[in-house]
K.L.:
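Submitted below is the structure of interest, expressed as structure tokens.
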Number of protein chains: 2
Amino acid sequence: MKHKTVEYYRDKLKDEGYKVTPQRVEVIRSLIELDHPTAGEIQSSIEEQYPMISPSTVYGALELLEDIGELIPIQEGSETRYDLSPKVHPHYICEDTGKVYDLEEAELKEKLSDLIACGPDEITRVELNFYGPCNGPESEED
Amino acid sequence: MKHKTVEYYRDKLKDEGYKVTPQRVEVIRSLIELDHPTAGEIQSSIEEQYPMISPSTVYGALELLEDIGELIPIQEGSETRYDLSPKVHPHYICEDTGKVYDLEEAELKEKLSDLIACGPDEITRVELNFYGPCNGPESEED
DNA sequence: TTCTATGCAAACCATTTGCAGAACG
DNA sequence: CGTTCTGCAAATGGTTTGCATAGAA
């Protein structure tokens, strides 16, 4: 899973009219280095070098990246992990550790055929959720 | 989407060695009547008839139903909605209202072909997550 | 200089926990 | 009757908010 460079994100921020601050750059760097980190992990990682970065700044940067279509949030239990990727793809999430694995196409097929064969010893749960406006599916409105 | 009866769940609880309390029955009744409710909605619904039921009791009953394989949690934003169903199935979730729709097979195929055709005007996000132990996929352990 | 971003501190809120008393089997 | 369940009340913890100050362009 190759990531884009920090430079790419700097330019993208600039292009979209947002300021390129050191904090935002650090958040991006953490997202590249940290394998599906939580907001807290990102903050801790940055604090190793920078004296203090506030949660609101971290969350703000994450929301910004989401808005410009470069970040995908993954709800893992009670906290959110973040995936620096513009495109949707399936995940395998460890229920014990919360670790997130990106699934490649071949692995996806494998997982699906496991399920279809009704022999998923490993897979304990599957989520397939589509998001959109209420009028999307067939409007069983309330 | 036909639900099982309250009686079914009473028996199941008994069979599994759990006590059938009025509170648990009320939670089950709410789950049947309330279309993917949150814990809070369940509590409010019960309080209309019963004087007071504590959050811990509601959460306890929900966890119990999950444990015996009769309830599926759906993370919707910051809160959890619950689906009284033993089998995994895809959902369509409204991003504005949080309303959850169960997708039937035909609708699933439709959604998928929309995506493949690269013309998803309605679908803004998709999640496909498999859960299991860390040794499941290809063990990129930490 | 000007407008946006940051840091702080407090608020939020769904969910969890500990424990004494209640009640199912 | 004994073990399990309930209700209370307080704590937890990730995330959000309001506002004064700092800093990017």
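Just so it is clear, the structure is predicted and the values come from calculations on it, not from any experiment. We name chains A, B, ... by the order of the sequence lines, and we start the count at 1 in each one.
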K.L.:
Specify the separation, in whole Å, of atom CD1 of A/Ile53 and atom P of D/dA22.
P.N.:
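Computing the A/Ile53:CD1 to D/dA22:P distance gives 18 Å.
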
K.L.:
Taking only side-chain nitrogens and oxygens of A/Thr57, does any of them come within less than 4.0 Å of OP1 or OP2 of C/dG7?
P.N.:
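The answer is yes; a side-chain N or O of A/Thr57 sits under 4.0 Å from OP1 or OP2.
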
K.L.:
Could you check A/Lys19 against B/Pro55 and say which one's nearest nucleotide on DNA chain C is further toward the 5' end?
P.N.:
A/Lys19

K.L.:
Measure the spacing between CD1 of A/Ile53 and CD of A/Gln43 and express it to the nearest 0.5 Å.
P.N.:
7.0 Å

K.L.:
Rounded to the Å, how far apart are B/Leu13 CG and D/dT4 P?
P.N.:
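Rounded to the whole Å, the gap is 15 Å.
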
K.L.:
Rounded to the nearest Å, what distance is computed from the CD1 atom of residue B/Ile74 to the P atom of nucleotide C/dA14?
P.N.:
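Atom-to-atom, B/Ile74 to C/dA14, this comes out as 17 Å.
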
K.L.:
With a 3.5 Å cut-off and just heavy-atom distances, do the side chain of A/Ser78 and the base of D/dG13 make a donor-acceptor pair?
P.N.:
no

K.L.:
Return no unless some side-chain N or O of A/Gln23 is found under 4.0 Å from OP1 or OP2 of D/dG23.
P.N.:
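No, outside the criterion.
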
K.L.:
Given that B/Glu63 and B/Tyr18 both sit by DNA chain C, which one's nearest nucleotide is further toward the 5' end?
P.N.:
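Comparing both residues, the 5'-ward one is B/Glu63.
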
K.L.:
With side-chain hydrogen bond (donor to acceptor under 3.5 Å, both in side chains) as the test, would you mind laying out the steps for B/Thr80 and B/Gln75 before giving the verdict?
P.N.:
CA-CA 5 Å; B/Thr80 310; B/Gln75 197 67 28; 3.2 Å; yes

K.L.:
Could you tell me whether the phosphate oxygens of D/dT16, OP1 or OP2, come under 4.0 Å of any side-chain nitrogen or oxygen in A/Tyr59?
P.N.:
no

K.L.:
If you take all heavy atoms of A/Ile72 and A/Lys87, which pair is closest and at what distance?
P.N.:
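Heavy atoms only, the tightest pair is CD1-O, 3.3 Å.
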
K.L.:
Hey, are B/Glu76 and B/Lys99 close enough for a salt bridge, meaning a charged N less than 4.0 Å from a carboxylate O?
P.N.:
no

K.L.:
Determine the contact category for A/Thr21: base if any of its heavy atoms lies under 4.0 Å from a base atom, sugar-phosphate if only primed atoms, P, OP1 or OP2 are that close, otherwise nothing.
P.N.:
sugar-phosphate

K.L.:
Nearest whole angstrom, please: distance from the C1' of C/dT6 to the CD of A/Gln43.
P.N.:
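Whole-Å distance recorded here is 13 Å.
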
K.L.:
Could you state the CE-C1' distance from A/Met52 to C/dT6, rounded to the nearest angstrom?
P.N.:
12 Å

K.L.:
Students often get this wrong, so: under 4.0 angstrom with heavy atoms, is A/Thr38 touching a base, only sugar-phosphate, or nothing?
P.N.:
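Answer is nothing: A/Thr38 stays at 4.0 Å or more from every strand.
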
K.L.:
So, for B/Asp102 and B/Asp83, which heavy atoms are closest and what is the spacing to 0.1 Å?
P.N.:
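Residues B/Asp102 and B/Asp83, closest heavy atoms: OD1-OD2, 2.9 Å.
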
K.L.:
Side chain of B/Glu79: nearest nucleotide among C/dA14, D/dT4, D/dT15?
P.N.:
C/dA14

K.L.:
Is there a donor and acceptor pair closer than 3.5 Å between the side chain of A/Ser56 and the base of C/dC8?
P.N.:
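Answer is yes: a donor-acceptor pair is held.
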
K.L.:
Starting from P on C/dA5, measure out to NZ on A/Lys14 and report it in whole angstrom.
P.N.:
15 Å

K.L.:
Counting heavy atoms from C-beta on, name the nucleotide in C/dA5, D/dG7, C/dT15 closest to the side chain of B/Ser54.
P.N.:
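Nearest listed nucleotide: D/dG7.
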
